[in-house]
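Please read the structure below before turning to the comments.
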Amino acid sequence: MATTADRPFMLARQSRGPLLTAALRIVRNPVGGVFASIIAILVLCAITAPWVTAYDPIATSRATFVPPSWAHPFGTDNIGRDQFSRVIYGSRISLYVGLLAVSTGILGGTMLGLTSGFLGGKFDLIAQRFVDSILALPGLVLALTLVSVLGQGTTQVILAVAIVVVPSSSRVVRAAVLSVRQNVYLEAAHALGASQLRIMFRHVLPNVVAPILILISASLGGAILIEAGLSFLGLGTQPPTPSWGLMLSTSGRQYMETAPWLAIFPGIAISVTVLSFNMLGDVVRDVLDPRLRGSR
Amino acid sequence: MGPYVIRRLALSLPSLILVSFIIFSLLRILPGDVVMARIAESGYASPETLQRMREQLGLDRNFFVQYFDWAFHAVQGDFGRSLWTNDEVLPTLLGRMRVSAEIAVLAVLTAVTVAIPLGVVSAVKQNTRIDYAARFFSIMGLSVPDFFLATMLVLVLSKYVGWLPEFGWYSPLEHPLLNLQALIFPALIIGYRLAAVTARMTRSAMLEVMREDFVRTAHAKGLRARDVVIRHVLRNSLLPVVTIIGAQLTGLLGGLVVIEQIFSLPGLGRLTLDAVTHRDYTQVQGSVMVMATIFVMSNLAIDLTYVVLDPRIRYR
């Protein structure tokens, strides 16, 4: 009889379906609930940005360096742009880059880890040497080099972050696949004449869904931070598009002394967003990884 | 242990060669090269001039010829000259590395002194207010970007305290005080992030060990709770903690780009950033190879510290 210890990443089976059950447990967790709601609000802001803001985020005006007030809750910058609108629109870039980069990267990592772990042998050996050599470079340095190869801009940043995510996520998926591969049900499927491809996607993949979900939730915060960092260095999102990292580095730091609100609000926006994803990521891990239940 | 070390080093060679090849080809996919970057500064140049400059720098040769020529010299410790400044690559690198290494060491010291006690208290007082506070402190460290923290710190210090930290780099031997003043804030900021990761790891490793039978035995034989925690639980929790500190430290060497930029410190990260923007192939190749080598070495060092921490581990 298989216990949870044999299959550490198995999702709890209930009539509702494992994913829905897990999602409900995440949202019902007090911490998970709070931070899931914050993320929901952020997503809502990003979608409805044109309706919740009163000003165009890139329209300049004569009202420069207005401190936070009712008309401009987050003040205005050196060329009179409304900071509140820019921060709200900035959430679009952060969420867009974060979600797209992480899902692309983890999709790649999953495919690589799945085939590498399942096929084993020479393919595994060669693929893992490639992974080794990419892991030998600090993530930010790799992203930097990639951005300089691909050029500057939002799409390039998404690709660069995705490529950074691939090797480490492929390791995690490969390890999970290796532990699943020992199970007799794979032998049974093989004996019944299922093809390798079918076994891989129908029998192995569903059993490594939990670590993949943990990976996704744990990588989102980091991906948003890399985007902010690259934009801060001027290599990511290009002006005048509002991006939090860019806002902090351009008007934020330049006029820090006279207009501190230009640095404070984008900074808080990044911090709250990344914090919410990190907190939610912790809850997701606690719920999906039964080995840790109650311990963290 | 000797043969083990030699075998590990031999095994890492293919990875390092692969790294060099990947970075070499990656740089050459780039649209534009160092010649274009130089011309962009001085204005117009005829195609003939461009061609002559490329010939001088050896950039007109076949890709593989260029690679093997570079690799042949690199294994002898000669990474060539920067295509941008014409300085020798390796001495520049080593000089810049001192700065990054000093920040990294100070940051790790900060992190360890804060994180290990924090992680221990958090685990021992699991699910109390102290634990929640410690965990919140840690997760904030993972969430607040270092450039925001740095900006706020400088703002608060200059506006409300009326004192600004030193910017730039001073030799620790000639100006130890100025050196420390210039590095203390970068080290604290980076150390906070590092402490966050380390405290989380310490806590979860402690919690795992606390459930072990030998811990119950230690309690049962009447050992003081403090001794159980420090001598039995903490000691056995240190393996993953050391691993994560080592991994973070390696990431730090090149990952300090942003903080070096803010505090105008001439470190490895900024050198690499400049080299990448100038398409300075040789300098980037040098940086990357040095970082990859440090990564391989520190992984080996981490594995060797396991022997000290856990006498059951033996390498042959």
Side-chain angles (χ1 to χ4, degrees), chain A residues 31 126 128-151 221-222 224-226 228-230 232-235 244-245 248-249 252-253 256-257 260 263-264 266-279 281-282 291-292 294-296, chain B residues 12 14-23 26-27 29-31 126 135-136 139-140 142-149 151-152 154-155 158-159 200 203-204 207-208 210-211 250-258 261-262 268-269 272-273 276-277 279 284 287-288 291-296 299:
Chain A
V31 179
I126 295 171
Q128 290 311 311
R129 291 296 79 73
F130 264 97
V131 170
D132 275 344
S133 42
I134 297 181
L135 282 177
L137 299 176
L140 198 59
V141 171
L142 183 60
L144 247 161
T145 319
L146 285 168
V147 164
S148 76
V149 173
L150 301 165
I224 292 174
L225 273 185
I226 298 185
L230 286 174
F232 183 83
L233 290 173
L235 296 171
W244 295 334
L248 238 166
S249 76
R253 273 169 48 76
M256 197 170 67
E257 302 256 335
I264 292 172
I268 290 177
I270 305 174
S271 308
V272 168
T273 310
V274 178
L275 178 73
S276 308
F277 278 113
N278 282 343
M279 290 298 256
D282 271 12
R291 276 183 314 180
L292 307 167
S295 73
R296 299 197 189 200
Chain B
S12 63
S15 286
L16 286 178
I17 295 173
L18 206 57
V19 169
S20 73
F21 194 74
I22 292 175
I23 205 74
L26 208 58
L27 286 170
I29 306 173
L30 290 173
Q126 191 191 358
R135 285 164 76 182
F136 189 71
I139 207 147
M140 281 302 276
L142 289 179
S143 310
V144 181
D146 46 7
F147 50 84
F148 180 50
L149 214 56
T151 310
M152 286 298 104
V154 172
L155 177 68
S158 66
K159 202 159 182 173
R200 278 158 65 91
R203 177 176 181 274
S204 62
L207 286 175
E208 215 157 285
M210 271 158 66
R211 297 164 164 189
T250 345
L252 270 190
L253 281 176
L256 292 171
V257 192
V258 176
Q261 188 85 350
I262 293 176
L268 194 57
T272 315
L273 175 68
V276 163
T277 31
R279 308 278 190 261
V284 179
S287 296
V288 166
M291 281 183 235
T293 312
I294 294 173
F295 177 82
V296 168
N299 271 351

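Per chain, numbering begins at 1; letters A, B, ... match sequence-line order. This is a predicted model, so every value here is computed, not measured.
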Honestly, the part of B/P145 sitting under 4.5 Å from a heavy atom of chain A is both

Please report the interatomic distance CG(A/L142) to CE(B/M291), rounded to the nearest 0.5 Å. 11.0 Å

Side-chain touch A/L146/B/L26, heavy atoms, less than 4.5 angstrom: yes

Residues B/F148 and A/S271: closest non-hydrogen pair is CD2-OG, 3.6 Å

Out of B/R200, B/R203, B/R135, which residue meets the salt bridge (charged side-chain N to carboxylate O under 4.0 Å, His left out) rule with A/D282? B/R200

Partner chain B: residue of A/V272, A/I134, A/L135 with the largest heavy-atom pair count (under 4.5 Å): A/L135

Once rounded to the nearest 0.5 Å, what's the spacing between atom CG of A/L235 and atom OG1 of B/T277? 7.5 Å

Mind checking what makes salt bridge (Lys or Arg N to Asp or Glu O under 4.0 Å) contact with A/D132, not counting sequence neighbours? A/R129, A/R171

Indicate the atoms forming the closest heavy-atom contact of A/L144 with B/V276, along with that distance. O-CG1, 4.0 Å

Heavy-atom pairs under 4.5 Å with chain A - which of B/L149, B/V19, B/V284, B/I139 has more of them than the others? B/I139

Heavy-atom distances under 4.5 Å only: say whether B/I262 touches chain A with side chain, backbone, both or neither. both

Considering only heavy atoms, which portion of B/I22 lies under 4.5 Å from any heavy atom of chain A: side chain, backbone, both, or neither? side chain

Please classify the contact between A/L248 and chain B as side chain, backbone, both or neither, with a heavy-atom cut-off of under 4.5 Å. side chain

Between atom CD1 of A/I270 and atom OG of B/S143, what is the distance when rounded to the nearest 0.5 Å? 11.5 Å

Considering residues at least two apart in sequence or located in another chain, which fulfil the side chain to side chain donor-acceptor pair (under 3.5 Å) criterion with B/S12? none

Honestly, the part of A/I264 sitting under 4.5 Å from a heavy atom of chain B is both

Answer with side chain, backbone, both or neither: which region of A/F130 has an atom nearer than 4.5 Å to a non-hydrogen atom of chain B? both

Scanning both residues in full, the closest heavy-atom pair of B/L142 with A/N278 reads O-ND2, 3.6 Å

